[in-house]
Amino acid sequence: QVRLVESGGGLVQAGGSLRLTCAASGTILSIDFMRWYRQAPGKQRELVALITSGGSTNYAESLKGRVTISRDNAENTVYLQMNSLKPEDTGVYYCNADIFTIARMSSRYWGQGTQVTVSS
């Protein structure tokens with residue numbers, strides 16, 4: 001079975017940085033899009049960033065200039081570097097990926113999330 005596991009979250013002061021990691025494992029042929037989402041209590045889950053298999057990226061407007069998404073295809077891993085963090089960045093950050101386990105058929109998978117808390 002395929003699983004995604006996030007790590008790297010924690011408590012950081014405003015203005016600080018964190019690097020989140022998401023590693024995919026299991027029966028994987030290839031991975032197309034990989035994404036980071038976040039969600040705070042009482043708020044909708046929102047897309048933070050995405051990256052294609054070729055390395056093209058897209059970011060939420062509120063985070064542009066402060067986050068960078070990258071991936072290591074050989075390790076089936078995606079990263080999210082976050083800088084200049086603000087208290088409003090607090091939430092659970094989830095990894096999401098479209099993964100091929102058989103040829104020409106992909107499924108979308110979610111990790112369990114990693115908590116990011118930014119103190120003022």
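Remember, predicted model here, so these are calculated numbers, not experimental data. Along the sequence shown, residues are numbered consecutively beginning with 1.
Taking every heavy atom of both residues into account, Thr27 and Val2 meet most closely at O-CG2, 3.6 Å. For the pair Val116 and Met82, the tightest heavy-atom approach, listed with the atom from each and the gap, is CG2-CE, 4.0 Å. Here the closest non-hydrogen pair linking Ala97 and Ile31 is CB-CG2, 4.0 Å. Closest non-hydrogen pair, Asp98 versus Arg35, comes out as OD2-NH2, 2.9 Å. Residues Tyr59 and Ala49 approach most closely at CD2-CB, 3.6 Å, considering heavy atoms. Nearest heavy-atom pair across Ser70 and Val78 is O-CG2, 3.1 Å.
Using a 4.5 Å cut-off on side-chain heavy atoms (C-beta onward), Phe100 and Asp32 make contact. By the 4.5 Å heavy-atom criterion applied to side chains, Asn96 and Tyr109 are not counted as neighbours. Using a 4.5 Å heavy-atom cutoff, the side chains of Gln115 and Thr90 are in contact. When side chains are defined from C-beta on, Leu4 counts as touching Ile99, because their heavy atoms get closer than 4.5 Å. At a threshold of 4.5 Å between non-hydrogen side-chain atoms, the residues Thr114 and Val92 do not count as touching. Put simply, the side chain of Leu80 reaches to within 4.5 Å of the side chain of Val48, judged on heavy atoms.
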**Item:** Stepwise side-chain contact (heavy atoms from CB on, under 4.5 Å) check, Leu18 with Val118
**Value:** CA-CA 10 Å; Leu18 285 174; Val118 184; 6.0 Å; no

**Prompt:** Run the side-chain contact (heavy atoms from CB on, under 4.5 Å) check on Cys22 and Trp36 step by step: do they pass?
**Reply:** CA-CA 9 Å; Cys22 173; Trp36 285 98; 3.6 Å; yes

**Request:** Mind running side-chain contact (heavy atoms from CB on, under 4.5 Å) on Arg38 and Lys43 for me, showing each step along the way?
**Result:** CA-CA 10 Å; Arg38 69 181 182 183; Lys43 298 175 65 177; 5.9 Å; no

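Hydrophobic clustering, with ILVMFWY side chains joined whenever heavy atoms are under 4.5 angstrom apart, keeps Leu63 apart from Leu47. Ile28 and Met34 fall within the same hydrophobic cluster, defined by Ile, Leu, Val, Met, Phe, Trp and Tyr side-chain heavy atoms under 4.5 Å apart, directly or through other members. In terms of hydrophobic clustering, with Ile, Leu, Val, Met, Phe, Trp and Tyr side chains grouped at heavy-atom distances under 4.5 Å, Tyr94 and Val67 are assigned to different clusters.
In this structure, Gln44 CD and Glu46 CD are separated by 9.5 Å, a value rounded to the nearest 0.5 Å. Between atom OG of residue Ser106 and atom CG of residue Leu29 there is a gap of 11.0 Å, rounded to the nearest 0.5 Å. Rounding to the nearest 0.5 angstrom, the gap separating the CD atom in Glu75 from the OG1 atom in Thr21 is 11.5 Å. To the nearest 0.5 Å, atoms OG1 (Thr57) and CD1 (Ile69) are separated by 8.0 Å. Separation of atoms OG (Ser7) and CD (Gln112) is listed at 13.5 Å; rounding is to 0.5 Å. The CZ atom of Arg66 sits 7.0 Å away from atom OG of Ser84, with the distance rounded to the nearest 0.5 Å.
When atom types are taken as modelled, the side chain of Glu6 and the backbone of Gly113 share a donor-acceptor pair closer than 3.5 angstrom.
Stacking of Arg45 on the aromatic ring of Trp110 is recorded, both the 6.0 Å distance cut-off and the 45° axial limit being met. Cation-pi check for Arg19 over Tyr79 is met; the charged atom lies under 6.0 angstrom from the ring centroid and within 45 degrees of its normal.
Side-chain contact, Ser17 with Asn83: a donor N or O sits under 3.5 Å from an acceptor N or O.
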